[in-house]
Amino acid sequence: MKVAAEKITQEQKRASLRLSIRLTYAFVPLILLLIFIFRAAGFVFELAPMLWTVALAFALASLQLYLLKQNWLVDVSYGGLLSLLISLLIIWGIYNTGAIISPFVWVGIFGVVSETLNFGQKRGLRLALPYLVFLWGAFFLEAFDIHLHPQAQFVPGFDVHAFPRFIMVLLSGYTLLFVLLPVITGVLMGQIGEQKQQAMESAEESKKATRMALSMMEDLEAAKKDLEARVRDIEDSRRATLHLLQDIEEAKEDAQRHAEETKKLYDDLKVVDRMKTEFLSVISHELRTPLTPIKGYISMFLSGSFGVLPEGYKKGAEIIKKEADHLLGLIDGLLDVSRLERGKHVDVKKEPLSIRALAEELLEVMQPQFEARRISARLELPGDFPVLMADETKLRRLFTNLLGNALKFTPEGGWVKIAGSREGDQVRLQVADNGIGIASGALEKVFDKFFQVDSSFTRAAGGVGLGLPICKEIAEVHGGRMWAESDGPGKGARFCFTLPVGG
Amino acid sequence: MAKKDGPEQRRRILVVEDYPATVELMKSLLEAAGYEASAAYSGKRGLEAARAWKPDLILLDVMMPEMSGIEVCNQLKADPETSAIPVVIVSIRAAEEDVRVGVKAGAAAYIVKPFEPADLLDLVKKHA
């Protein structure tokens with residue numbers, strides 16, 4: 001492979017020159033060795049000229065080095081030319097000491113090698129040419145007895161005429177050397193160059209590989225950063241989720257605590273309610289107990305069991321009786337409140353009940369009371385009025401209350417009637433009177449607990465204001481409803497309620 | 001066991017009631033109506049009196065300390081010596097359930113306090 005010499009940079013020239021200088025320095029011991037060998041082999045020649053050659057080669061190399069350092073050797077081809085000129089000088093000088101061929105050879109070798117190294121085989125060969133011309137020229141001059149210098153010999157110790165063949169062989173050998181030198185150098189350089197090329201190429205490769213590796217590393221670095229960023233995001237959202245979970249946990253615990261508190265409150269409430277109910281029940285029983293003898297004796301007084309009662313006693317006894325009844329009414333009211341306030345918990349014992357029979361019975365029982373106020377009472381039920389599934393006790397109370405109210409709030413000479421009709425799967429009943437009526441604004445209020453139209457009036461009539469609410473509850477507990485109707489104050493009232501037929 | 005009416009003998013009514021005022025009332029009422037009334041102020045004493053005195057009718061209160069009237073009624077009916085004596089329960093408790101319990105225990109009748117004296121006398125007349 002030829003040495004690539006497309007573009008020879010300054011740097012390359014300098015490098016080559018340095019190399020040739022190094023080679024020159026290397027020649028020095030080589031030359032000395034050769035001198036020694038030749039001398040040992042018996043060749044007798046003047047040592048001085050050889051040594052002078054060596055010295056001058058050395059000097060030449062040093063000069064070139066100096067020039068290089070001084071940047072005078074811009075184009076190192078001058079090196080070859082310079083060596084040529086200097087070698088001529090040397091020749092002239094050596095010539096005077098007797099040896100011709102030697103300086104030529106040494107300097108020539110140096111020059112050719114240097115030139116080849118610097119500029120390639122072609123130029124090396126080109127430089128070899130003048131050397132060869134000089135060599136052969138010197139020989140032929142000697143052969144034709146043209147002595148350039150009286151004392152110089154072409155090859156010291158060997159007369160050209162006496163040993164023509166030997167000298168010609170020698171010359172040929174040197175010629176071959178000069179020709180081969182560039183070639184060999186070139187080859188060597190080529191190899192070196194190849195190696196250098198390969199080295200450069202592999203350097204390039206490794207540089208490329210390094211660059212790729214670097215870029216990959218950069219990509220990896222970027223990917224790593226990206227991943228880290230993502231991991232951080234995940235970490236953040238994980239932490240956020242954890243916080244959320246904690247919040248949810250806390251909220252759950254709060255909710256649980258609230259639920260427990262609520263349950264506890266509810267339980268407490270139930271207990272209190274039960275206590276209230278029991279209290280009311282006990283109280284009502286306790287309060288009723290003394291009323292038994294009170295009412296009993298008063299009755300006996302009034303009925304004359306102990307004899308005729310004087311007028312004053314009679315009047316007093318009658319008042320006591322009324323008050324005792326009133327008191328009993330209040331106490332019963334208390335019991336009702338405690339019982340019915342439980343609402344739907346109240347047992348409704350539904351059994352077949354004939355409203356007709358119940359109404360007739362009640363009207364009969366209350367007959368004396370109606371008669372006392374000259375109030376006419378009647379029952380208006382259609383013949384096919386159905387038997388209901390209802391709680392008799394409760395309906396008895398309901399009717400008793402309504403009839404009692406009608407009696408209370410109807411003036412003397414009025415009327416009270418119980419009427420009813422069937423409407424599909426329920427019945428509609430009413431207790432009507434032509435009494436003091438109800439103002440339209442009070443139609444709903446009458447069912448409020450403790451509502452009293454006129455407390456003085458109702459106190460005289462006897463009542464605590466619980467009758468109607470209780471009636472309404474009874475109707476509702478059966479699955480029906482109750483309401484009041486009136487054409488206005490003084491125009492009577494109708495208390496209506498519905499009950500399901502089938503219960 | 002009802003006493004045979006030989007020479008006009010007053011019917012004997014035992015009042016078992018712990019509230020003294022009510023006992024007084026019932027005794028007055030019964031005696032004014034021509035009965036012989038005796039009182040026992042507790043269930044235990046009532047049982048003893050019933051066995052010893054053998055009344056024609058027992059007026060029995062329910063709400064008594066130590067022994068409830070229902071318990072007394074059960075025992076009266078369980079004891080052959082007293083099982084034939086009619087029992088009328090005179091009680092504050094007015095609920096239907098209470099009446100049912102009373103009847104189940106063997107009472108012949110049930111009246112609620114405070115009662116109309118006339119009503120009580122009617123029942124006594126009916127069952128004694």
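What you see is a predicted model, and the numbers here were worked out from it, not measured in a lab. Chain A is the first sequence line, chain B the second, and so forth, proteins listed ahead of strands; every chain is numbered from 1. Computed over heavy atoms, backbone and side chain alike; hydrogens, waters and symmetry mates excluded.
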What residues of residues 68-83 of chain B make heavy-atom contacts with chain A at a cutoff under 4.5 angstrom? none
For a quick test of reading the model, state the closest non-hydrogen atom pair linking B/Ile92 to A/Arg288 and the distance between them. O-NH1, 2.9 Å
Report, in residue-number order, which members of residues 27-37 of chain B are under 4.5 Å from chain A by heavy-atom distance. B/Ser28, B/Leu29, B/Ala32
Flag yes if more than 12 heavy atoms outside A/Phe306 fall under 6.0 Å of its CZ atom; otherwise flag no. yes
Around atom CZ of B/Arg45, are there more than 12 heavy atoms from other residues, nucleotides or ligands closer than 6.0 Å? no
Please look at B/Met26 and chain A and tell me whether the side chain, the backbone, both or neither of the residue comes under 4.5 angstrom of a heavy atom of that chain. neither
Please classify the contact of A/Leu328 with chain B as side chain, backbone, both or neither, using a heavy-atom distance under 4.5 Å. side chain
Is there any residue in residues 17-24 of chain B with a non-hydrogen atom under 4.5 Å from a non-hydrogen atom of chain A, and which ones are they? B/Tyr19, B/Ala21, B/Thr22, B/Glu24
Suppose a student defines contact as a heavy atom less than 4.5 Å from any heavy atom of chain A. Which residues in residues 110-123 of chain B would they list? B/Val112, B/Lys113, B/Pro114, B/Phe115, B/Glu116, B/Pro117
Crowding at CD, A/Glu412 (>12 non-hydrogen neighbours, <6.0 Å): yes
